[in-house]
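I have placed the structure first, in the form of structure tokens, so that the comments after it can refer back to it.
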Protein chains: 2
Amino acid sequence: MATPSALDRTLSALADPTRRGVVDRLRQRPHPAGELAAAFDMSPPAMSRHLRVLRQTGLVEENIDADDARVRVYRLRPEPFAALRGWLDEVESFWEDQLGAFKAHAERTRGTKGPGTSGGRKS
Amino acid sequence: MATPSALDRTLSALADPTRRGVVDRLRQRPHPAGELAAAFDMSPPAMSRHLRVLRQTGLVEENIDADDARVRVYRLRPEPFAALRGWLDEVESFWEDQLGAFKAHAERTRGTKGPGTSGGRKS
DNA sequence: TTAATCATTCACCCTATCGTTAACGACTTT
DNA sequence: AAAGTCGTTAACGATAGGGTGAATGATTAA
């Protein structure tokens, strides 16, 4: 594994239901690690690992509670979500392009319904 | 594993670098399975499994080539990407709420004073 | 100082996933 | 019909990911 890209790590992190649940929950407000473990009926070590994954991808940030330095409060960070949106925008631009490409393609293949219907298997 | 949600499956599918590479490649044009296996220097069975995952999440669609029924041509499908965007929009609305108005979800938050750091945890 | 609490890392299972080769079904070609 | 091609499923080994309980470090409470 040649050091996965940031997008790799972001998507892997969000692919886990627990971690996505944590993200959803952090939308409401920041939470201490212990609260999250309890909320998902999970042992503290298990949640700690999930939080580490989220932290390493930059999806959440850890802060020491001002009133009790034992407590670590987690909150969302926007950057990885923005990056994911950027990739998604790129992918979805495919269909916009397809509308334009449809005209061009329709010239070459008169009669076929969709753009890029198979063509040759050679490049 | 209580039947993962559609979003679970979509994110898991896209978390794999190979599968995301396939998606990126299909943005250019539809491809036969064999071309994809070759492009990623991977055995046909391995690619076939990746394509099945993508197909099961609805990210790609399989079509029999009109000229050669042995060839299966894969192309992108928009729905799962739109669903992912929907979730991403929800998550990112978090920051809009923070900037705009906390009154929007002030109705749901009981007693807690805004996004405060301190937490009264305790079970 | 001693005890209790919060969260982490460490050690270990256990399952899921990815890759390979071999075998198969479907289609095309000669 | 026989051989060749494309892509799949089947069976297997190797690896990574996620769960637990025990031990550790840091902080607070008594």
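The model shown is predicted, which means the values in this text are computed figures rather than measured ones. The analysis underlying the following values was restricted to heavy atoms, covering all of them including side chains, and did not include hydrogens, waters or symmetry mates. Order of the sequence lines fixes the chain letters, A, B, ..., with proteins taken first and strands second; residue numbering starts at 1 for each chain.
The phosphate of dT20(D) (OP1 or OP2) has a side-chain N or O of Ser43(A) nearer than 4.0 angstrom. One finds no side-chain N or O of Tyr74(A) lying less than 4.0 angstrom from the OP1 or OP2 phosphate oxygen of dC6(C). For dA7(C), the OP1/OP2 oxygens have no side-chain nitrogen or oxygen of Arg52(A) closer than 4.0 Å. Contact between the side-chain N/O atoms of His50(B) and the OP1/OP2 oxygens of dT17(C) is not found at any separation under 4.0 Å.
Taking 3.5 Å as the limit, the base of dG17(D) and the side chain of Arg49(A) contain no donor-acceptor pair of atoms between them. Applying the 3.5 Å distance criterion, the base of dT28(C) shares no donor-acceptor pair with the side chain of Arg70(B).
Distance, Ile64(B) CD1 to dA26(C) P: 12 Å, rounded to whole Å. Between the CG atom of Asp41(B) and the C1' atom of dC18(C) there is a distance of 15 Å, rounded to whole Å. Going from atom CZ of Arg20(B) over to atom P of dC18(C) covers 13 Å, rounded to whole Å. Nucleotide dT8(D) holds its P atom 10 Å from the CE atom of Met47(B), rounded to whole Å. Distance CZ (Arg9(B)) to P (dT17(C)): 12 Å, rounded to an integer number of Å. Here the P atom of nucleotide dT27(D) and the CG atom of Asn63(A) are 15 Å apart, to the nearest Å. In this structure, the CG atom of Asp8(B) is 14 Å from the C1' atom of dA16(C), given to the nearest Å. As a whole-Å value, the separation of Asp65(B) CG from dT28(C) C1' is 12 Å.
Of all the heavy atoms in Phe40(A) and Val22(A), the pair that sits closest is CZ-N, 3.5 Å. Scanning both residues, Leu11(A) and Leu14(B), for their nearest heavy atoms gives CD1-O, 3.4 Å. Among all heavy-atom pairs drawn from Arg9(B) and Pro4(B), the shortest one is NH1-O, 3.5 Å. Nearest heavy-atom pair, Leu84(A) versus Leu7(A), reported as atom, atom and distance to 0.1 Å: CA-CD1, 4.1 Å.
Of the candidates dT20(C), dT8(C), dC6(C), the closest approach to any side-chain atom of Val71(A) belongs to dC6(C). Ranking dA22(C), dG7(D), dT9(C) by closeness to the Pro45(B) side chain, first place goes to dA22(C). Each of dG18(D), dT9(C), dT8(D) was ranked by its minimum atom distance to the side chain of Ala33(B); first place goes to dT8(D). Of the candidates dT28(C), dT8(C), dT9(D), the closest approach to any side-chain atom of Asp68(B) belongs to dT28(C). Each of dC27(C), dG18(D), dT8(D) was ranked by its minimum atom distance to the side chain of Ser48(B); first place goes to dT8(D).
Sequence order on DNA chain D of the closest nucleotides to Pro44(B) and Met42(A) puts Pro44(B) first from the 5' end.
Ala69(B) comes within 4.0 angstrom of sugar-phosphate atoms only, judged by non-hydrogen atoms across all strands, and of no base.
Here Val53(B) pairs with Ala13(B), Arg19(B) under the side chain to side chain contact (heavy atoms under 4.5 Å, CB included) rule; sequence neighbours left out. Every residue meeting the side chain to side chain contact (heavy atoms under 4.5 Å, CB included) condition with Glu61(A), not counting sequence neighbours, appears here in chain and number order: Asn63(A), Arg75(A), Arg77(A).
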